[in-house]
Amino acid sequence: MTSIAPGALPRVTYSNTGEDFSGVHAHLDAVIPDVRSRLLGLDRPNRIGGADSRDGDAFDAPCPIDRRVSLGRFVAASPAAVDAAVSAARRAADDWRRLGWERRVALARKVADAMEAVKFEMAAACLLEVGKSRMEALGEVEEAVDLVRFYAGEMEANGGYEKPLLRANPKEETRDVLRPFGVFAVIAPFNFPVALSIGMSISALIAGNAVVFKPSPMAGLTGRMLMDCVMAAGLPDGVFNLVCGGAETGAALVGHSGVDGIAFTGSHAVGMAIMRGFGVGGRHAKPVLAEMGGKNPTYVTASADLATAAAGMARSAFGLQGQKCSAGSVVFVHDAVRDEFLERLAATATSFRIGDPAGRDVFMGPVINRAARDRFEAAVAAASAAGSSIIGGRVLSGGLRDHGDYVEPTIVTGLPDDHALHRDELFLPFLTVRTFSALDDAIRRGNAVPYGLTAGIYAQDEVELDLFLDTAEAGVLYANRASGATTGAWPGIQTFCGWKGSGTGSKGGLGTWYLPQFMREQSRTIMR
Ligand code: NAD
């Protein structure tokens, strides 16, 4: 245990490289085993209308680091439980809206405080739940706290989104107000279970909606911890409800007529199905704020600093085992620097330690489950069948590795340009390499995918940078970052908007335009 008070330890973000976190590590050395022994394997009921609920089939969620360990016993909410949760939210929604934005903002800030008070425990839970490294897990919880505070600040800075309008005559009083929809369902993915779950939920809540929250079935542990933080903050019963479970529970929620809007983050297939059904399949359109997958290109030009490019590319492709929507999964390298860049990239990738992410210097833990490992093996086999050359590519075994799905960071060169591995999201530590002689042509090829989430470039030449900024089709662009070619967005600093198949809206999270999407506009004219 460190002698520095935990609250005084330096903050971890996704962009930290080279700082001294020895105090943080010393504290985590004590917290991780404590969370392992105290918080795993427990019964974790859902929470509906202010009461625990066990209505539904119980299921155990395995720890991906060691599948013999149970994260806890959760309940896949039955259709009746989903109905009860939506009904509880409906009953609570009017009072919550009438409470006023100032009091909702104050309560949201208490949620942030409650999360901050348990941030190391929550990070340890996230590490055990997803198999994240220490820095990734702690960074995520810090991001989550910042998200809550950022959105609270946005509501305040905009005065609750109530503005006077012009008047056609002096007897007319006119106002524009943004009002909540009523009940929002929040459906979250496994890979950022804390930040994305609370980011979507708190936005809906601050805007004045009641929420039914369904975490990933792999992430009920942090899901319930977030529920406990909301309860500790003193939000009224029924305003925030937790229903665990997988696709079936999600489908019951999406199919419920009492839900007015959905905030979803996850795969393109599920998000688009929700859009087609819930969004436009009913009597009237309903909001679906869906943040989805990515196939994020990076360009390394002949003017690039290759040391920075190799470091940033490796972190972006292999951090969190490539299981980030923003992961760099395809790199375009100029012919003139291809060999040197690849040599540096391979050296960095093979230097990463893979294993139990509870260890201080482990960069890569396991992939989330057997299905991800099967996908990895299929991708390696497809690359091999196409005659490409593969660095890495093995599933690891022995010791703990026999009880989780640990795979090598993998770099594939020489695939045909139209190969599906260049186009489809794999969500794995799997990077394909393509070459170019003209940057405009490379960007055209990088854009020719159904996604448009993030893109990166390494170039010192201003003309190349301008071309990239002008023509890359993605909502999040980065240049020359050693901390991550395409990854590492932070609330209020990098807004996060998925273009094309990466999102259903034209405004993303982490930024100033996110919150208004949880409200609908009403103009009010009163004659005096
Ligand atoms: P997923 O689509 O499998 O699941 C996401 C959520 O949807 C889970 O809670 C799941 O239980 C639920 N779900 C599944 N089927 C459903 C259905 N038929 N109806 C309603 N809900 C259903 O995604 P995942 O594997 O958990 O997460 C990985 C995906 O998320 C990747 O594609 C990644 O790119 C994407 N992602 C995107 C962002 C972003 O901001 N754009 C961020 C993180 C992850």
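Note that the coordinates shown come from a computational prediction; the quantities given were computed from them, not determined experimentally. As the structure lists them, so they are numbered: ligands from 1, and atoms in each ligand from 1.
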Which residue and atom name correspond to the protein heavy atom nearest [atom], and how close is it?
atom: atom 18 (N) of ligand 1; result: Ala247 O, 4.2 Å
atom: atom 21 (N) of ligand 1; result: Gly250 CA, 3.6 Å
atom: atom 27 (O) of ligand 1; result: Pro189 CB, 3.3 Å
atom: atom 16 (C) of ligand 1; result: Val270 CG1, 3.6 Å
atom: atom 24 (P) of ligand 1; result: Phe190 CD2, 3.8 Å
atom: atom 36 (N) of ligand 1; result: Cys325 CB, 3.5 Å
atom: atom 8 (C) of ligand 1; result: Ala188 O, 3.2 Å
atom: atom 35 (C) of ligand 1; result: Gly266 O, 3.2 Å

Looking at ligand 1, would [X] count as a contact under a 4.0 Å heavy-atom criterion?
X: Phe496; result: yes
X: Gly498; result: no
X: Gly503; result: no

Apply the test salt bridge (charged side-chain N to carboxylate O under 4.0 Å, His left out) to residues Arg11 and Asp146: give CA-CA distance (whole Å), side-chain angles for both, the deciding distance (0.1 Å), then the verdict.
CA-CA 11 Å; Arg11 291 188 82 215; Asp146 274 14; 2.9 Å; yes
What orientation do [X] and [Y] show, parallel under 30°, tilted 30 to 60°, or perpendicular over 60°?
X: Trp490; Y: Tyr14; value: perpendicular
X: Phe318; Y: Phe352; value: perpendicular
X: Phe213; Y: Phe240; value: parallel

Distance under 4.0 Å to a non-hydrogen atom of [X]: what atoms of ligand 1 satisfy this?
X: Phe264; value: 2 (O), 5 (C), 6 (C), 7 (O)
X: Gly246; value: 11 (O)
X: Leu453; value: 41 (N)
X: Ser216; value: 9 (O)
X: Pro217; value: 11 (O)
X: Leu196; value: 42 (C), 43 (C)

Give a yes or no answer on whether the side chain of [X] reaches the backbone of [Y] with a donor-acceptor pair at less than 3.5 Å.
X: Ser316; Y: Ala327; result: no
X: Gln321; Y: Pro366; result: yes
X: Asp405; Y: Val367; result: no
X: Ser78; Y: Ala81; result: yes

Is there a nitrogen or oxygen of [X] sitting under 3.5 Å from a nitrogen or oxygen of ligand 1?
X: Lys214; answer: yes
X: Phe427; answer: no
X: Met292; answer: yes
X: Glu425; answer: yes

Considering all heavy atoms of both residues, which atom of [X] and which atom of [Y] are nearest to each other, and what is their separation?
X: Asn46; Y: Arg224; result: O-NH1, 3.6 Å
X: Val330; Y: Arg434; result: CG2-CD, 3.5 Å
X: Leu205; Y: Trp96; result: O-NE1, 3.0 Å

Which one holds for Thr249 and ligand 1: side chain close, backbone close, both close, or neither close, with close meaning a heavy atom under 4.0 Å?
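For Thr249, no heavy atom sits under 4.0 Å from ligand 1.
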Which is it for Pro215 and ligand 1 at heavy atoms under 4.0 Å: side chain, backbone, both or neither?
backbone
Given Ser267, Cys244, Ala273, identify the one with the heavy atom nearest to atom 3 (O) of ligand 1.
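Among Ser267, Cys244, Ala273, the closest heavy atom to atom 3 (O) of ligand 1 belongs to Ser267.
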Separation of Leu515 CG from Thr512 OG1 (nearest 0.5 Å)
9.0 Å
Name the one of Arg401, Arg134, Arg36 that satisfies salt bridge (charged side-chain N to carboxylate O under 4.0 Å, His left out) with Asp356?
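Between Asp356 and the candidates, salt bridge (charged side-chain N to carboxylate O under 4.0 Å, His left out) is satisfied uniquely by Arg36.
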May I ask you to establish whether Lys132 and Phe192 are in a cation-pi arrangement, using a distance under 6.0 Å from NZ or CZ to the six-membered ring centre and at most 45° from the ring axis?
yes
